[in-house]
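The next block holds one structure in the form of structure tokens; read it before the comments.
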Amino acid sequence: MSRTAQEFKELYGHPPEGVWAAPGRVNLIGEHTDYNDGFALPFALPQRTEVAASPRTDGALRFHSADAPSGVVTLDLAALDPARPPQTAESWAAYPAGVVWALLEAGLPVRGVDLHVRSDVPNGAGLSSSAALEVATALALTDLYGLPLTRPELAALARRAENAYVGVPCGVMDQMASACSTEGHALHLDTRSLEQRHIPFDCAAAGLRLLVIDTRVKHALADGAYARRRASCHEAAAELGVPALRDLPYEELDQALDRLGDPVRRRRVRHVVTENERVVRIEELLRAGRLRETGPLLSEGHRSLRDDYEVSCPELDLAVATAEAAGAYGSRMTGGGFGGSALALIDADAEEPVTRAVTEAFARAGFKPPSITPAAPSAGATRLL
Ligand code: ADP
Ligand code: MG
């Protein structure tokens, strides 16, 4: 029996009916495009969240996480209310509770659950531990109750749980990456149609490695800044007379920018439109097996987020600049910004020197030691037991 199943049994006094897992993700390219109906190219991490679960018939929800100090959180399914999600030490339980709520809202029958969580996805590192928890929970519940959801539907439902129940206005990329990725591939995602393509992305075979550099900081301005970025994109789309910034062709960017009066808004639009174009170009390079050549586009993406979208921070900029100086083909912040993680594309044998250079640069700057791990594109959510 797996550790997660064993812990479930000790906690609830009976073995789980199954164990499910869903991974964290990093986004290779396509940042802040998902609320503009644009493209993204994330892939699943080897780190994942496991959920052991059994159904109940009495309407009780019992949630426990090895990674949260709350003990067992017991909720009443009939009383789930997005206006009153669990608070303080129990606030983590809003994620699985939100999934149950979203299933019920969709008219799908859930009658209760015992659930135990264990994860090695770092929390709050921009690697989407929240989506991993939602998707693992959603997969467990759909299997336990025989609910007929496709993976994209499951991802959309998990996103609804986070938006409407937890109260975080995220796009759908994280949940789609966790639910739908396949090993050795990045997931090309059209966030308007939810159409997806699996793009071969085998770094090891190309003699390359991707490093995830977790800066271990999260700056306080992240939430408000995210809401303002979203708002200014939507305002710019309205000003330009398009449904979303995704509808601005890259070839017409300069004319569109000329029509925008506000210089800040111009920079935001330039980021979104050039970022969508970078997703397209990187997908082409991956398909052609020209992995190294994606490096300059990754670095260009970082500069766009830093200078035009203004969502980077000193720790991310230092991680990127140091990785580049130590020989990375390209490097960029990944995720929403203001902390979290950066990616660096390096030669397989450069892991040690790049790790050392970044660690030393952080020490010299007086920053917390970063956590640096290689990441191979891994499988999406799956049933383990
Ligand atoms: P990220 O998704 O980038 O890791 P978020 O702030 O979106 O960061 O999500 C982190 C939150 O998700 C945690 O504060 C916690 O409430 C919840 N969470 C994620 N993983 C777990 C887990 N294994 N156990 C309990 N709660 C978790
Ligand atoms: Mg999250």
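These numbers come from a predicted model, not from an experiment. In listed order, ligands and their atoms are each counted from 1. Side chains are part of it too, since the values below use all heavy atoms of this structure and drop only hydrogens, waters and symmetry mates.
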Close side-chain approach of Cys170 to Asn163, heavy-atom, < 4.5 Å: yes

Any Gly126 heavy atom less than 4.0 Å to ligand 1: yes

Within-cut-off N or O pair, Ser65 and ligand 1, under 3.5 Å: yes

Phe39 and His188 aromatic ring geometry - parallel, tilted or perpendicular at 30°/60° bounds: tilted

Nitrogen or oxygen atoms of Gly124 and ligand 1 under 3.5 Å apart: yes

Sub-4.0 Å heavy-atom approach of Pro122 to ligand 1: yes

Geometric N/O contact Ser91 with ligand 1, under 3.5 angstrom: no

Test log, rule side chain to side chain contact (heavy atoms under 4.5 Å, CB included), inputs Arg197 and Asp190: CA-CA 9 Å; Arg197 294 192 289 269; Asp190 179 331; over 6 Å; no

Ligand 1 to Ser130 polar contact by distance, N or O atoms, under 3.5 Å: yes

Glu183, CD atom: more than 12 neighbouring heavy atoms under 6.0 Å: no

Heteroatom N/O/S of Ser130 within less than 2.8 Å of the Mg ion (ligand 2): yes

Selected option - heavy-atom contact closest to atom 19 (C) of ligand 1, from Leu127, Asn123, Asp223, Asp174: Asn123

Plane angle bin for His32 and Tyr309 - parallel if under 30°, tilted between 30 and 60°, otherwise perpendicular: tilted

Contact atoms of ligand 1, heavy-atom distance to Ser129 under 4.0 Å: 1 (P), 2 (O), 4 (O), 9 (O), 10 (C), 19 (C), 20 (N)

Polar contact flag, side-chain donor to acceptor under 3.5 angstrom, His64-Glu7: no

Transitive ILVMFWY side-chain link Val26 to Leu211, under 4.5 Å: no

Protein contact to atom 11 (C) of ligand 1 [nearest heavy atom, distance to 0.1 Å]: Tyr95 OH, 3.8 Å

Minimum-distance protein heavy atom relative to atom 26 (N) of ligand 1: Trp92 CB, 3.4 Å

Atom indices of ligand 1, in the order listed, that fall short of 4.0 Å to a heavy atom of Ser119: 23 (N)

Pick from Leu133, Asp67, Val117: the one approaching atom 27 (C) of ligand 1 most closely through a non-hydrogen atom: Leu133

Geometric class of the Trp101/Tyr165 ring pair [parallel <30°, tilted 30-60°, perpendicular >60°]: tilted

Within-shell test, Thr49 vs ligand 1, heavy atom, strictly < 4.0 Å: no

Neighbour count >12 (heavy atoms, 6.0 Å) for atom NZ, Lys9: no

